[in-house]
Amino acid sequence: NGNWLLRKKSQAILTPHPGEMQRLWKGLFREPVPADREQCAVTFARKANCVTVLKGQQTIVTDGDKIYVNTTGNPGMATGGSGDVLTGIIAALVGQRLSLFNAAVLGVYVHGLAGDLAAECFGRVAMVATDILEKLPDAFKSMQVS
């Protein structure tokens, strides 16, 4: 729906994978999606006035000004429901009053870390979203400073 931007009533975090970004891009721009993922995410975030999480290898988080490129995660996470787990993590962090950008950055990082822990435990080939979810407590614990 090309009118979604006009109907947006609040700040938002969008978490498209590359295919979803292509569809969103077509709704806002009359030009091809840039090959450069960072440029794509930044341009989209500025136009849509939102935090954009462009998923994939080295997921990019941007609000149009700040950019974070994630270093955690693995190909086994490309499985149904993994994006829903990510969205749930980010929503929980927003609910704890983190800024949208910081919630997205921390959410992407810990989601990838949980995915890495799940890959160590269960392997990448048969990983499912619940494996990532199961490793979230360990991922958060590993980030705590004593």
To the nearest 0.5 Å, what is the distance between [atom1] on [X] and [atom2] on [Y]?
{"X": "Leu54", "Y": "Phe44", "atom1": "CG", "atom2": "CZ", "value": "10.0 Å"}
{"X": "Cys50", "Y": "Gln11", "atom1": "SG", "atom2": "CD", "value": "8.5 Å"}
{"X": "Asp138", "Y": "Glu120", "atom1": "CG", "atom2": "CD", "value": "10.5 Å"}
{"X": "Asn102", "Y": "Gln96", "atom1": "CG", "atom2": "CD", "value": "13.0 Å"}
{"X": "Thr59", "Y": "Gln57", "atom1": "OG1", "atom2": "CD", "value": "9.5 Å"}
{"X": "Ile89", "Y": "Phe140", "atom1": "CD1", "atom2": "CZ", "value": "6.0 Å"}

What is the minimum heavy-atom distance between [X] and [Y], and which atoms define it?
{"X": "Arg124", "Y": "Pro75", "answer": "NH1-CD, 3.5 Å"}
{"X": "Tyr109", "Y": "Thr72", "answer": "O-OG1, 2.9 Å"}
{"X": "Ile132", "Y": "Ser82", "answer": "CD1-OG, 3.5 Å"}
{"X": "Val110", "Y": "Met143", "answer": "CG2-SD, 4.0 Å"}
{"X": "Leu113", "Y": "Ala139", "answer": "CD2-O, 3.6 Å"}
{"X": "Ile13", "Y": "Leu100", "answer": "CD1-O, 3.6 Å"}

*asked:* Counting neighbours of NZ on Lys8 that are heavy atoms of other residues, nucleotides or ligands and sit closer than 6.0 Å, is the number greater than 12?
replied: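 Counting neighbours around NZ of Lys8, more than 12 heavy atoms of other residues, nucleotides or ligands fall under 6.0 Å, so yes.
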Taking [X] for its side chain and [Y] for its backbone only, find out whether a donor-acceptor pair lies under 3.5 Å.
{"X": "Asp116", "Y": "Gly73", "result": "yes"}
{"X": "Asn74", "Y": "Ala119", "result": "no"}
{"X": "Glu20", "Y": "His17", "result": "yes"}
{"X": "Lys55", "Y": "Thr15", "result": "yes"}

Do the side chains of [Y] and [X] get nearer than 4.5 Å, heavy atoms only?
{"X": "Trp25", "Y": "Pro32", "value": "no"}
{"X": "Arg46", "Y": "Asp65", "value": "yes"}
{"X": "Tyr68", "Y": "Ile60", "value": "no"}

Quick one: do [X] and [Y] end up in the same hydrophobic cluster if we chain Ile, Leu, Val, Met, Phe, Trp and Tyr together by side-chain heavy atoms under 4.5 Å apart?
{"X": "Leu117", "Y": "Met127", "answer": "no"}
{"X": "Phe122", "Y": "Leu86", "answer": "no"}
{"X": "Leu98", "Y": "Val85", "answer": "yes"}
{"X": "Met77", "Y": "Val128", "answer": "no"}

_If only side-chain N and O atoms count, and only distance matters, is there a donor-acceptor pair under 3.5 Å linking Thr87 with Asp84?_
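Thr87 and Asp84 do not have a side-chain donor-acceptor pair below 3.5 Å.
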*asked:* Could you walk me through whether Val61 and Ile67 satisfy the side-chain contact (heavy atoms from CB on, under 4.5 Å) test, starting with their C-alpha distance in whole Å, then the side-chain angles of each, then the deciding distance to 0.1 Å, before giving a yes or no?
replied: CA-CA 6 Å; Val61 180; Ile67 300 171; over 6 Å; no
